[in-house]
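Report on one structure; see the data block that follows.
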Amino acid sequence: MEPGDDFVAARRVLQAARSLVALTGAGISAESGIPTFRDAQTGLWSQFDAMALASEPGFRARPERAWDWYAERRAGVQRTEPNAAHRALAAFEQRHPGRLRIVTQNVDDLHQRAGSRDVLRLHGDILRVRWLDPCPLQPACDTDAAAAGRPPRCARCGNLLRPDVVWFGEVLPAAALAAAEAAVARCDALLVVGTSGSVWPAAGLAGLARRAGAQVLIVNRAASEIDSEATQILRGAAAALLPALLAPI
Ligand code: OAD
C-alpha cells in the first residue's frame, strides 16, 4: 500500500524542521508493555485510585500501599525494552545532532535506553527516589543510607523515601519545564506522540507551539484533548508510524 498524502506531508514537515521537539506520553511506551493512564480498561487510572497512590496526601495516609504500587511499576519498567518508536526518535537525533529535543511526560527510561540524549523529563523518574520531607540535618542524609522498609526510612532523622515523580497537586521541575517551553516556543515542528493531552502544564505545550507558528503533528491511536491544536493528526500506533515518519528520505 502506498503511504497516503497525509503521511507524506507529515514526513516532509518533520524532515524539513531545523528544530523539532517531540512531546511524548504514555502511549509511546504502551507497545513496550507499560500501561497507559487513561485508556479505558487497560489504563492505570481506570483500575487504581490516582489520588490515593499518586498524591502527597495519599502517600502520607498509607505509605506502604503507595510504595508497594510504585515498586511494582518500577519492576515493570525494568522488565521492558524500548520499542520501535523510541528507537526511531533516537536514530533521528543521532542522524541530525542538535535538531531534535524530546520532552517527555513519561517516568520510564525507555527514551534514554533507546539512545536519546536530549530528553527533558517533566514528570520525574520512577527509577529514582528522594526524601518525602526536606532533610532537617546538615549535611543532609544520604538516600542510599535509608534502612530497608516499605517505604525505606532514614535511621538518623526518620524521613521516608518516596519515588522521584511528580504527583497530582505538585509543581513540575522548574528548570525542565522552562527549557521545554523555550524549546517549543522556537521549534519549527512539534511532534506529539501518545498523550491524551489532559495533564497540564504539559498539555499546554501544543498550544504554545501552535501560537508560535510551529507545525503541530499529533500521532495517537485515538482522539486527544489537544487535537484542536494540531496542524495534522495521524491515527495509529506510535511504534508503527514513527519509524516510517522519521526515516531518512
Ligand atoms: P494517558 O494515559 O492519559 O494517554 C495515553 C494516550 O496514548 C492516549 O491518548 C491513547 O490514545 C494513546 N495511545 C495508547 N497507545 C498508543 C500507541 N501504541 N501509539 C500511540 N498512541 C497511543 O497518558 P499521558 O497523556 O502520558 O502523570 O498522561 C499524562 C500524565 O498523566 C502522565 O505523565 C502521568 C499521568 O497521571 C505523572 O506521572 C505525573
Side-chain angles (χ1 to χ4, degrees), residues 7 10 22-56 58-59 66 69-70 72-74 76-77 80-89 102-111 119-128 130 162-173 176-177 180 190-207 217-230 232-246:
F7 189 86
L23 171 64
T24 64
I28 197 170
S29 296
E31 287 157 278
S32 291
I34 299 177
T36 62
F37 295 94
R38 293 174 186 79
D39 283 291
Q41 318 282 325
T42 57
L44 290 173
W45 299 152
S46 63
Q47 301 165 62
F48 299 100
D49 178 351
M51 294 316 278
L53 296 165
S55 76
E56 188 184 328
F59 189 87
W69 187 74
Y70 277 100
E72 242 175 68
R73 284 186 58 209
R74 190 162 51 240
V77 165
T80 62
E81 297 291 336
N83 64 48
H86 301 103
R87 290 196 300 270
L89 286 167
I102 294 175
V103 176
T104 190
Q105 299 168 83
N106 296 344
V107 296
D108 65 51
D109 61 344
L110 296 183
H111 283 304
V119 185
L120 293 167
R121 312 181 71 131
L122 295 183
H123 291 165
D125 179 348
I126 198 170
L127 302 177
R128 293 171 55 101
R130 61 183 171 90
R162 58 163 281 180
D164 190 7
V165 299
V166 177
W167 282 332
F168 289 102
E170 294 184 326
V171 294
L172 273 57
L177 179 60
L190 178 70
L191 173 61
V192 182
V193 187
T195 178
S196 59
S198 52
V199 173
W200 289 67
L205 293 172
L217 174 59
I218 293 185
V219 172
N220 198 311
R221 274 194 161 143
S224 83
E225 292 188 19
I226 47 178
D227 283 359
S228 59
E229 305 294 357
Q232 203 182 337
I233 298 176
L234 292 178
R235 288 269 172 261
L241 289 173
L242 259 57
L245 269 178
L246 293 167

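Remember, it's 1-based here, ligands and their atoms both numbered in the order they're listed. All values derive from a computational prediction rather than experimental measurement.
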Backbone or side-chain N or O of A238 under 3.5 Å from ligand 1 N or O = yes

Where is the nearest protein heavy atom to atom 39 (C) of ligand 1: which residue, which atom, and how far?
-> V166 O, 2.8 Å

Numbered atoms of ligand 1 (with element) below 4.0 Å of A30, judged on heavy atoms | 15 (N)

L53: which of F59, F48, F168 passes side-chain contact (heavy atoms from CB on, under 4.5 Å) = F48

Scanning both residues in full, the closest heavy-atom pair of G197 with E225 reads O-CB, 3.6 Å

Nearest to atom 21 (N) of ligand 1, what protein heavy atom do you find, and at what distance?
-> R221 N, 3.4 Å

Throw together a table of side-chain donor-acceptor distances under 3.5 angstrom for residues 33-43, partners on residues two or more places apart or in other chains.
{"residue": "T36", "atom": "OG1", "partner": "D39", "partner atom": "OD2", "Å": "2.5"}
{"residue": "R38", "atom": "NE", "partner": "S198", "partner atom": "OG", "Å": "3.4"}

Any N or O of F37 closer than 3.5 Å to N or O of ligand 1 = yes

Of the non-hydrogen atoms in R235 and A223, which two are nearest, and what is the gap between them?
-> NH2-CA, 3.5 Å

Short side-chain to backbone donor-acceptor contact, T80 and V77, under 3.5 Å | yes

Identify the heavy atoms of A202 and L122 that sit nearest to each other, and give their distance.
-> CB-CD1, 3.9 Å

Considering only heavy atoms of G194, which atoms of ligand 1 have at least one such atom less than 4.0 Å away?
-> 5 (C), 6 (C), 7 (O), 21 (N)

If every non-hydrogen atom of G236 is compared with every non-hydrogen atom of V219, which pair is closest and at what distance?
-> O-CG1, 4.3 Å

Quick one: does ligand 1 sit under 4.0 Å from the side chain of F168, the backbone, both or neither, non-hydrogen atoms only?
-> side chain

Per-atom filter on ligand 1: closer than 4.0 angstrom to a heavy atom of A222 are 11 (O)

Heavy-atom contact under 4.0 Å between W45 and ligand 1?
-> yes

Atoms of ligand 1, numbered as shown, that sit under 4.0 Å from any heavy atom of G236 = 19 (N), 20 (C)

Please work out whether the ring planes of Y70 and W167 are parallel, tilted or perpendicular, with thresholds of 30° and 60°.
-> tilted

Under-4.0 Å heavy-atom contact with ligand 1, by part of T195 that carries it = both

Quick one: which ligand 1 atoms are inside 4.0 Å of a heavy atom on A26?
-> 23 (O), 24 (P), 26 (O)

Do me a favour and list the nearest non-hydrogen protein atom to atom 12 (C) of ligand 1 with residue, atom name and distance?
-> N220 OD1, 3.1 Å

Under 3.5 Å, N or O to N or O, is R38 touching ligand 1 that way?
-> yes

Please write down residue, atom name and distance for the protein heavy atom closest to atom 17 (C) of ligand 1.
-> G27 O, 3.3 Å

For ligand 1, is V165 a contact, meaning one of its heavy atoms is under 4.0 Å away?
-> no

Atoms of ligand 1 close to G25 [distance to a heavy atom under 4.0 angstrom, numbered from 1] | 26 (O)

Nearest-neighbour protein heavy atom for atom 29 (C) of ligand 1, which is reported as residue plus atom name and distance | Q105 OE1, 3.4 Å

I28 and A85 have their tightest heavy-atom pair at CG1-CB, 3.6 Å

With a cut-off of 4.0 Å, which atoms of ligand 1 are near a heavy atom of E31?
-> 17 (C), 18 (N), 19 (N)

D109/R128 ion pair, N-O < 4.0 Å | no

Identity and separation of the nearest protein heavy atom to atom 4 (O) of ligand 1 | S196 N, 3.3 Å

Under a 4.0 Å heavy-atom limit, does H123 contact ligand 1 with its side chain, its backbone, both, or neither?
-> side chain

N220 side-chain N/O to T195 backbone N/O, donor-acceptor pair under 3.5 Å = yes

Nearest protein heavy atom to atom 30 (C) of ligand 1, by residue and atom, and its distance?
-> V199 CG2, 3.7 Å

Specify the protein heavy atom at minimum distance from atom 14 (C) of ligand 1: its residue, its atom name, and the distance to 0.1 Å.
-> D39 OD2, 3.5 Å

What's the verdict on side chain to side chain contact (heavy atoms under 4.5 Å, CB included) for I218 and I226, showing C-alpha distance, side-chain angles and the deciding distance?
-> CA-CA 9 Å; I218 293 185; I226 47 178; 4.2 Å; yes

So, E229 side chain and A206 main chain: donor-acceptor pair closer than 3.5 Å or not?
-> no

Per the side-chain contact (heavy atoms from CB on, under 4.5 Å) rule, which among V165, T104, N106, V199 passes with H123?
-> V199

Polar-atom distance check: W167 versus ligand 1, any N or O pair below 3.5 Å?
-> no

